[in-house]
There are 2 protein chains.
Amino acid sequence: MVNVGNRSGRPRAGEERLSREAILLAALRIVDAEGIDALTMRRLAATLKVNPMSLYHHLPNKAAVLAGLAELVFAELELPDPGDSVPWDEQLKDAARAYRNGLRAHPNLALQVLSDPAAVSNVVVVTMEPFYRALDRAGLAPRQIFEAANTLIDFIHGFSLGETSVRGETFELAPDLLAQVRALPEDKAPTLTRIVNELGPDGLAYDFDSGFESGLSTLVAGFAR
Amino acid sequence: MVNVGNRSGRPRAGEERLSREAILLAALRIVDAEGIDALTMRRLAATLKVNPMSLYHHLPNKAAVLAGLAELVFAELELPDPGDSVPWDEQLKDAARAYRNGLRAHPNLALQVLSDPAAVSNVVVVTMEPFYRALDRAGLAPRQIFEAANTLIDFIHGFSLGETSVRGETFELAPDLLAQVRALPEDKAPTLTRIVNELGPDGLAYDFDSGFESGLSTLVAGFAR
DNA sequence: ACCTGAACACCGTTCAAGT
DNA sequence: ACCTGAACACCGTTCAAGT
């Protein structure tokens with residue numbers, strides 16, 4: 001492996017070995033492959049074959065790296081806008097599905113992304129047009145559109161949090177609901193116990209896709225009231 | 001300050017200076033007061049006037065401390081169950097409000113709590129009875145009850161994530177929506193731009209309480225369809 | 001301006017030794 | 001079993017020095 005110029009000193013113009021973008025892309029690869037805890041400034045520098053301190057010329061600190069990653073994930077997000085060729089509720093659902101899928105593309109980053117107010121605020125501005133357009137077509141008033149969009153986003157965020165948190169964890173960490181309920185003291189939660197038993201093991205095998213669709217349908221019905 | 005026995009060696013029975021519970025309570029105080037990053041094993045030991053390594057006799061590692069904190073927060077959670085004296089939708093809303101308030105009690109811990117699958121799974125079992133009872137009274141089938149409860153929980157989680165993330169941050173981090181939208185290129189997001197402009201600065205002053213209520217109403221209407 | 005090396009003030013955790 | 005002290009293998013970041 002040729003060691004192309006890890007001498008110190010300022011590189012000539014156009015020969016910079018780093019850039020904010022290159023650093024963030026390398027960071028994203030680490031996080032995607034090994035999780036958020038694997039991302040350290042030193043590790044990041046090593047994969048870029050650079051001194052750890054060099055990073056600080058492009059990003060002020062580690063928090064900025066994480067914020068930049070949230071930005072990257074949302075920048076990749078492109079909600080489809082089928083225009084008015086489909087009913088408003090399908091338009092809304094499609095946009096919601098695309099948003100969920102965008103978050104799933106980098107599950108190890110979801111927590112970071114969803115808890116970064118600046119990133120979330122920005123994504124609302126950049127990608128929410130299909131949401132607003134669909135809700136407008138549904139005939140809602142401006143205030144209702146605003147609140148409906150927020151409610152839908154909150155649902156997707158909460159859903160994605162659950163969906164991405166479970167991934168990669170051992171199943172011991174998400175113990176079987178049926179067994180847990182049956183271990184409850186008698187009559188501690190009678191309705192829950194009855195419902196869970198009626199559903200049985202098969203009915204409780206949670207499927208994320210159908211859970212998401214169920215939530216979407218409920219919300220659309222609620223908006224349409 | 002008297003230094004009561006920081007000699008080494010095993011304490012006599014009943015004179016143990018530590019316990020899992022005491023450690024977790026001390027950790028909770030640190031996190032509540034100074035945020036999750038302030039919690040280190042060394043810092044935690046210092047506030048307990050104990051050697052850092054002593055903690056490891058009660059909790060296997062730092063991850064176990066964080067998991068224990070999530071457990072604590074949810075253990076405090078007590079959803080009111082007014083029984084059948086109120087309509088089912090009020091019963092459901094009240095339980096949802098109580099759940100939200102439980103998460104707000106420790107905002108610095110919300111992220112940790114919501115992303116801990118074991119803790120979330122456990123809270124569902126222990127506190128969701130009012131949700132299930134209300135939805136049962138609404139006349140939903142078991143499968144619908146299960147999915148409705150999940151949808152409601154996801155909404156509350158997503159909402160709480162937004163609510164607690166913004167807290168304590170400088171407002172620069174959640175830039176003004178109106179200004180952001182107006183900075184967009186012409187016709188990038190026409191509907192969004194129109195709606196936001198119609199609402200104006202006052203209409204956009206987001207109020208978490210009314211946002212939560214709006215989401216609850218939408219969901220209840222959707223469940224009742 | 002951009003990269004480097006040494007250094008500072010921390011981390012979580014292992015291990016051997018005390019009682 | 002429970003607590004301690006020293007040590008290991010890390011962190012993020014500051015600072016002075018190179019070009």
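What you see is a predicted model; the values in this text were computed from it and never measured. In the text below, chain A, chain B and the rest are named by the order of the sequence lines, each starting its count at 1.
Among the nucleotides dT13(D), dC3(D), dG12(D), the one closest to the side chain of His57(B) is dC3(D). Among dA7(D), dA6(C), dC2(D), the nucleotide with an atom closest to any side-chain atom of Met53(A) is dA6(C).
Where Arg42(A) and Leu55(A) meet DNA chain C, the nucleotide closest to each residue was compared, and Leu55(A) sits on the side nearer the 5' end. Looking at which nucleotide of DNA chain D each of Thr40(A) and Val50(B) is closest to, the 5′-most match is held by Val50(B).
Applying the ring-ring contact (aromatic ring centres under 6.0 Å, His included) rule to Tyr99(B) yields the partners His157(B); only residues at least two apart in sequence or on another chain are considered. Judged as a side chain to side chain contact (heavy atoms under 4.5 Å, CB included), and not counting sequence neighbours, the contacts of Leu25(A) are Glu21(A), Leu72(A).
One distance of note links CZ of Phe146(B) with CG of Leu192(A); it measures 10.0 Å at 0.5 Å rounding. Atom-to-atom distance recorded for Met41(A):CE and Ile23(A):CD1 is 7.5 Å, nearest 0.5 angstrom. Once rounded to the nearest 0.5 Å, the distance linking OG1 of Thr164(B) with CG of Asn108(B) reads 8.5 Å.
An OP1 or OP2 oxygen of dT4(C) is reached within less than 4.0 angstrom by a side-chain nitrogen or oxygen of Ser54(A). Residue His58(B) has a polar side-chain atom (N or O) positioned under 4.0 Å from OP1 or OP2 of dC3(D). Checking the phosphate oxygens (OP1, OP2) of dC3(C), no side-chain nitrogen or oxygen of Asn51(A) falls inside 4.0 Å.
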Whenever both distances are under 3.5 Å in a Watson-Crick or G-U wobble pair, mark it; put DNA chain C into dot-bracket that way, with [ ] for crossing pairs and | when the partner is on another strand. ||.|||||...|||||.||

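Asp37(B) places its CG atom 11 Å from the P atom of dT13(D), with the value rounded to the nearest Å. In this entry the distance linking CG of Leu39(B) with C1' of dG12(C) reads 12 Å, nearest Å. To the nearest angstrom, P of dC2(C) lies 14 Å from CZ of Arg20(A).
Checked by atom type and distance alone, the side chain of Ser210(B) pairs as donor or acceptor with a backbone atom of Asp207(B) at under 3.5 Å.
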